[in-house]
Amino acid sequence: MGAAAARLFAGAGASLMLAARREHHLQEVRASLPDASDRIALFVGDVCDSGFSEAAVSATLDAFGGLDGAFNNAGTLGDLGPVPDMSLETWNQVIMTNLDSAFLAAKHQIPAMKLRGGGSIVFTSSFVGHTIGLPGMAAYAAAKAGLIGLTQVLAVEHGPDNIRVNALLPGGTKTEMAGDDPAFHEYVAGLHALKRMAEPEEIARAAQFLLSDAASFVTGSAMLCDGGNSISKG
């Protein structure tokens with residue numbers, strides 16, 4: 001989803017700081033973008049490191065002079081299993097990657113946006129933990145539900161600063177996290193009202209909407225982009 005968003009945003013003329021922990025993936029994404037090398041910068045680091053967000057924001061300000069929007073899309077499922085069998089290490093890693101990283105991102109992105117007179121932040125949450133509970137996914141559900149609570153409070157705290165904060169809740173999407181097992185994909189597709197999984201570009205378009213002026217009166221929302229997963233029981 002991050003790569004699809006980068007292609008979409010670059011094509012719309014945005015200057016981008018692409019940040020992730022695997023440099024070769026960042027290089028691959030940059031190579032796939034439209035001819036906009038002067039508007040694309042890379043930052044390599046791990047969202048679980050306490051200094052990652054501060055350094056990434058600083059690098060963005062150095063490269064482009066300001067920060068107008070942020071798509072915070074990091075996430076991990078962790079090792080799945082029932083809570084009695086889950087290690088504290090697994091729990092902490094999932095919470096740190098999905099929720100702590102979002103807190104740290106907001107902590108440093110918001111002051112930078114205030115300097116610009118406003119901005120927009122989007123967090124990737126999930127329908128898991130919001131409209132449905134799935135067995136074995138307690139840590140993931142708790143983290144993603146926590147993201148929605150964080151989104152709501154940030155939206156209230158920083159609405160007066162002209163900073164909008166929203167959570168995007170995708171459905172099953174054809175990403176690396178979903179694997180490549182056709183039988184699993186067929187099962188996941190059946191959970192959705194549309195009876196298919198999303199293409200990453202479809203989620204990216206929803207993120208672009210929330211970041212853009214087209215969503216100028218949208219803040220504090222948990223926006224479902226889940227192909228009807230949340231309302232489909234058949």
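Just so you know, residue 1 is the first one in the sequence shown, and it goes up from there. Heavy-atom basis, side chains included; hydrogens, waters and symmetry copies ignored.
- Listed by first and then second residue, the salt bridge (charged side-chain N to carboxylate O under 4.0 Å, His left out) pairs that reach into residues 55-82 are Asp68-Arg116, sequence neighbours excluded.
- Identified under the ring pair (Phe, Tyr, Trp, His ring centres under 6.0 Å) test for residues 153-175, with sequence neighbours left out: none.
- Grouping Ile, Leu, Val, Met, Phe, Trp and Tyr by side-chain contacts under 4.5 Å, direct or through others, leaves Val153 on its own.
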Show every donor-acceptor pair shorter than 3.5 Å between a side-chain atom in residues 121-128 and any protein atom, with sequence neighbours excluded, or say none if there are none.
| from | atom 1 | to | atom 2 | distance (Å) |
| --- | --- | --- | --- | --- |
| Thr124 | OG1 | Asn73 | OD1 | 2.6 |
| Ser125 | OG | Lys144 | O | 2.7 |
| Ser126 | OG | Val128 | N | 2.9 |

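- When side chains are defined from C-beta on, Leu154 counts as touching Ile110, because their heavy atoms get closer than 4.5 Å.
- Residues passing the salt bridge (Lys or Arg N to Asp or Glu O under 4.0 Å) test with Arg196, sequence neighbours excluded: Glu202.
- The closest side-chain heavy-atom distance from Gln109 to Leu67 is below 4.5 Å.
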Query raised in the report: Hey, mind stepping through Leu134 and Ile132 against side chain to side chain contact (heavy atoms under 4.5 Å, CB included) and telling me if it holds?
Result: CA-CA 7 Å; Leu134 293 178; Ile132 193 171; 4.1 Å; yes
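- Looking at residues two or more places apart in sequence or on another chain, you find a side-chain hydrogen bond (donor to acceptor under 3.5 Å, both in side chains) between Ser230 and Thr131, Asp226.
- Applying the salt bridge (charged side-chain N to carboxylate O under 4.0 Å, His left out) definition to pairs two or more places apart or across chains, none involves residues 11-21.
- The closest side-chain heavy-atom distance from Glu199 to Thr173 is not below 4.5 Å.
- For the residue pair Gln27 / Arg30, a side-chain donor-acceptor distance below 3.5 Å is found, with atom types taken as modelled.
- For Glu201, the salt bridge (Lys or Arg N to Asp or Glu O under 4.0 Å) test picks out Arg7, with sequence neighbours left out.
- Between Gln152 and Ser221, every side-chain heavy-atom pair lies at or beyond the 4.5 Å cut-off.
- In terms of the side-chain hydrogen bond (donor to acceptor under 3.5 Å, both in side chains) criterion, Thr219 has no residue partners (sequence neighbours excluded).
- Residue pairs that meet the ring pair (Phe, Tyr, Trp, His ring centres under 6.0 Å) test with at least one member in residues 56-93, sequence neighbours left out, do not exist here.
- For the salt bridge (charged side-chain N to carboxylate O under 4.0 Å, His left out) condition, no pair includes a residue of residues 46-60, sequence neighbours left out.
- Hydrophobic cluster of Leu194: no remaining members, since no ILVMFWY side chain lies below 4.5 Å from it.
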